[in-house]
Amino acid sequence: MGPSSNMVVQQYTGLIGRPARMLYWSLGFHQCRCGYKNVFDVEGVVIGYAKAGIPLEVAPPLASEVQIKILFTTLGHTDVYTWSGRDPKGLFLFILGHEATGIIEVTVGLLVAEVAKSAGAFRIIGVDIDSKKFDVAKNFGVTEFVNPKDYDKPIQQVLVDLTNGGIDYSFECIGNVSITRTAWECCHKG
């Protein structure tokens with residue numbers, strides 16, 4: 001392949017042709033190609049789903065399930081082969097881009113709480129600016145919930161006061177450097 005990205009695209013489309021761009025597919029609507037000739041065909045399917053009351057989004061996960069937010073999909077060699085029309089199975093319904101990268105949409109903090117509970121922690125304090133999350137957090141082992149918006153002082157000081165000197169272990173679960181420092185500052189010394 002190559003030597004430039006334009007040449008790669010030319011070689012790729014020379015192999016499979018120039019398919020109709022699937023707007024909704026790139027947004028995660030994965031309705032499959034199914035003979036659609038253009039984006040208007042796909043829009044018609046979406047409108048039909050809406051009229052029939054068929055949701056285009058999945059329901060929240062049930063107990064012991066997780067929801068995965070798909071970040072990227074790709075066309076693999078099996079997709080290209082099927083889409084080319086040379087695969088007899090491709091005459092039927094198929095889903096393109098079934099190889100995907102995503103993140104689990106149950107928050108990492110809840111997983112940390114669940115592991116802490118299973119390891120024997122008896123006091124697990126959850127910190128979040130959305131107090132509505134506490135009911136869900138209780139199911140994962142969080143015993144107390146603190147909302148930084150409810151206090152006039154820094155949350156690390158609130159936690160040090162609440163625990164008479166600081167907590168034993170803290171976990172920052174959103175990938176924010178300043179919150180990582182806050183998590184470190186609420187631990188007891190030693």
Side-chain angles (χ1 to χ4, degrees), residues 22-32 42 46 49-50 53-79 93-190:
M22 297 170 55
L23 174 68
Y24 292 109
W25 176 65
S26 68
L27 294 174
F29 283 85
H30 302 292
Q31 300 301 322
C32 83
V42 177
V46 171
Y49 273 40
I54 300 171
L56 291 174
E57 295 183 16
V58 297
L62 301 173
S64 77
E65 293 180 338
V66 295
Q67 185 168 326
I68 299 174
K69 179 180 182 179
I70 301 301
L71 301 176
F72 306 97
T73 62
T74 183
L75 295 178
H77 71 280
T78 55
D79 294 317
L93 202 68
F94 62 94
I95 297 173
L96 298 173
H98 57 272
E99 296 89 2
T101 301
I103 57 172
I104 297 175
E105 289 229 298
V106 60
T107 67
V108 175
L110 295 179
L111 295 177
V112 168
E114 188 172 45
V115 169
K117 179 182 176 183
S118 69
F122 60 91
R123 188 175 187 193
I124 302 169
I125 304 170
V127 179
D128 201 295
I129 59 173
D130 184 357
S131 297
K132 293 181 280 187
K133 293 181 179 178
F134 184 48
D135 288 335
V136 173
K138 285 191 286 189
N139 296 328
F140 287 83
V142 174
T143 58
E144 301 169 59
F145 191 84
V146 179
N147 185 335
K149 291 182 175 182
D150 294 341
Y151 299 90
D152 293 327
K153 55 186 171 181
I155 193 61
Q156 56 268 44
Q157 187 59 53
V158 170
L159 293 168
V160 167
D161 294 346
L162 187 64
T163 58
N164 296 319
I167 60 178
D168 295 330
Y169 301 96
S170 67
F171 299 90
E172 183 279 323
C173 301
I174 61 171
N176 183 307
V177 174
S178 65
I179 302 298
T180 300
R181 181 167 181 86
T182 299
W184 175 76
E185 290 174 347
C186 69
C187 290
H188 66 75
K189 292 180 178 31

Open item on the list: Looking at every heavy atom in both F134 and T143, which two are closest together, and how far apart are they?
Closed with: CZ-O, 4.1 Å
TODO: Check K153 against D161 and note the closest heavy-atom contact, atom names and distance.
DONE: NZ-OD2, 2.6 Å
TODO: Write down the atom of T180, the atom of E172, and the distance for their closest heavy-atom approach.
DONE: OG1-OE1, 3.3 Å
- [ ] Just do the side chain to side chain contact (heavy atoms under 4.5 Å, CB included) check on E144 and L162 with the steps written out, would you?
- [x] CA-CA 11 Å; E144 301 169 59; L162 187 64; 3.9 Å; yes
Task: Heavy-atom side-chain contact between E114 and L110 under 4.5 Å - done: no
- [ ] Compare all side-chain heavy atoms of I129 with those of N147 and state whether any distance is below 4.5 angstrom.
- [x] yes
Open item on the list: How long is the straight-line distance from CD1 of I125 back to CD1 of I167, given to the nearest 0.5 Å?
Closed with: 6.5 Å
Open item on the list: In the structure I gave you, are the side-chain heavy atoms of T163 and R123 within less than 4.5 Å of one another anywhere?
Closed with: yes
Task: Residues K138, D135: salt bridge by 4.0 Å N-O rule - done: yes
TODO: Please report the closest heavy-atom contact between I124 and A113, naming both atoms and the distance.
DONE: CD1-O, 3.6 Å
- [ ] For C186 and S170, work out which heavy atoms get closest and say how close.
- [x] SG-CB, 4.1 Å
Open item on the list: Please give me the minimum heavy-atom distance between C187 and Y169, naming the atom from each residue.
Closed with: SG-C, 4.5 Å
TODO: To the nearest 0.5 angstrom, please state how far the NZ atom of K149 sits from the CG atom of D128.
DONE: 9.5 Å
- [ ] Could you tell me the separation between the CD1 atom of I179 and the CD atom of Q156, rounded to the nearest 0.5 Å?
- [x] 8.5 Å
